[in-house]
Amino acid sequence: QVQLVESGGGLVRAGGSLRLSCAASGRTFGSYTTGWFRQAPGKDREFVAAFSWSGGNIYYTDSVKGRFTISRNNAKNTVDLQMNSLKPEDTAVYYCAGREAEVSFGATSYAYWGQGTQVTVSS
């Protein structure tokens, strides 16, 4: 099985930056897709970004395009999400998720999930 653990969340001012990391453990041989999702209070879990090593595909939701960057660090066995120019509406619990296939935007298609890390952006 695959285990995912997010880290890097915290409290920042609007305009600030955070770097989230998703660390994988267990059987993670070969290429796979890691997606970042977020869920704000009272809202559904929504797609943020995804990276597929084998397919070379990177996708972002429109609201974070140009501000967030997803990347894979093979040395650390992590997929990172660099979050710049943060806005209060970015406040949410951020989850990383994995699937043994190409990029998908649907949360239900991901079999592996981390516990989430809180990101809070103050006005």
Side-chain angles (χ1 to χ4, degrees):
Q1 297 295 317
V2 175
Q3 293 82 44
L4 303 174
V5 178
E6 307 94 334
S7 62
L11 173 64
V12 298
R13 299 175 298 174
S17 298
L18 286 172
R19 184 189 296 273
L20 307 183
S21 293
C22 177
S25 62
R27 193 184 186 279
T28 58
F29 303 116
S31 299
Y32 58 93
T33 296
T34 298
W36 283 97
F37 294 79
R38 64 188 181 187
Q39 188 164 21
K43 299 182 65 178
D44 293 332
R45 191 168 299 184
E46 66 176 359
F47 172 82
V48 176
F51 172 82
S52 173
W53 182 259
S54 60
N57 298 314
I58 299 175
Y59 294 97
Y60 302 96
T61 192
D62 286 343
S63 64
V64 309
K65 192 174 299 183
R67 300 187 297 121
F68 292 10
T69 302
I70 190 171
S71 61
R72 177 169 172 82
N73 188 324
N74 281 324
K76 297 181 179 180
N77 199 29
T78 63
V79 173
D80 299 337
L81 186 69
Q82 178 66 44
M83 309 164 65
N84 298 326
S85 301
L86 284 162
K87 305 174 181 179
E89 51 263 44
D90 295 318
T91 295
V93 177
Y94 283 70
Y95 299 89
C96 65
R99 67 193 303 263
E100 297 171 352
E102 293 302 314
V103 169
S104 170
F105 303 143
T108 58
S109 69
Y110 288 76
Y112 308 106
W113 291 87
Q115 83 289 349
T117 186
Q118 177 70 48
V119 172
T120 302
V121 184
S122 62
S123 301

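Contact between Thr34 and Cys22 at its shortest, heavy atoms only, is CG2-SG, 4.3 Å. The two residues Gly9 and Thr117 come nearest to each other via the heavy atoms N-OG1, 3.2 Å. The two atoms that bring Leu81 and Ala49 nearest to each other are CD1-CB, 4.1 Å, heavy atoms only. Across Arg67 and Leu86, no two heavy atoms sit closer than the pair NH1-CA, 3.8 Å.
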Listed pairs under 3.5 Å, donor-acceptor, residues 11-20 side chains, sequence neighbours left out:
from, atom 1, to, atom 2, distance (Å)
Ser17, OG, Asn84, OD1, 2.9
Arg19, NE, Gln82, OE1, 3.2
Arg19, NH2, Gln82, OE1, 2.9

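In this structure, Arg38 is not positioned above the aromatic face of Tyr94 in the sense of NZ or CZ being under 6.0 Å from the six-membered ring centre and within 45° of the axis.
With sequence neighbours excluded, the residues forming a side-chain hydrogen bond (donor to acceptor under 3.5 Å, both in side chains) with Ser104 are Ser109, listed by chain and number.
The CZ atom of Phe105 lies 13.5 Å from the CD atom of Glu46; values are rounded to the nearest 0.5 Å. Between the OG atom of Ser7 and the CG atom of Asp80 there is a distance of 8.0 Å, given to the nearest 0.5 Å. To the nearest 0.5 Å, atoms OH (Tyr110) and SG (Cys96) are separated by 11.0 Å. Rounding to the nearest 0.5 angstrom, the gap separating the OG1 atom in Thr61 from the CZ atom in Phe37 is 10.5 Å.
Between the side chain of Asn77 and the backbone N or O of Ala24 there is at least one donor-acceptor pair closer than 3.5 Å. The backbone N or O of Ala101 sits less than 3.5 Å from a side-chain atom of Thr33, completing a donor-acceptor pair.
Side-chain rings of Tyr59 and Phe47 stay apart, their centers remaining 6.0 Å or farther from each other.
For the pair Met83 and Trp36, the minimum side-chain heavy-atom distance is 4.5 Å or more. Side-chain contact between Thr91 and Gln118: present, with at least one pair of heavy atoms (C-beta onward) separated by less than 4.5 Å.
Salt bridge Asp90/Lys87: absent, no basic N to carboxylate O contact under 4.0 Å.
The one candidate from Val93, Val5, Leu4 that meets the side-chain contact (heavy atoms from CB on, under 4.5 Å) condition with Gln115 is Val5.
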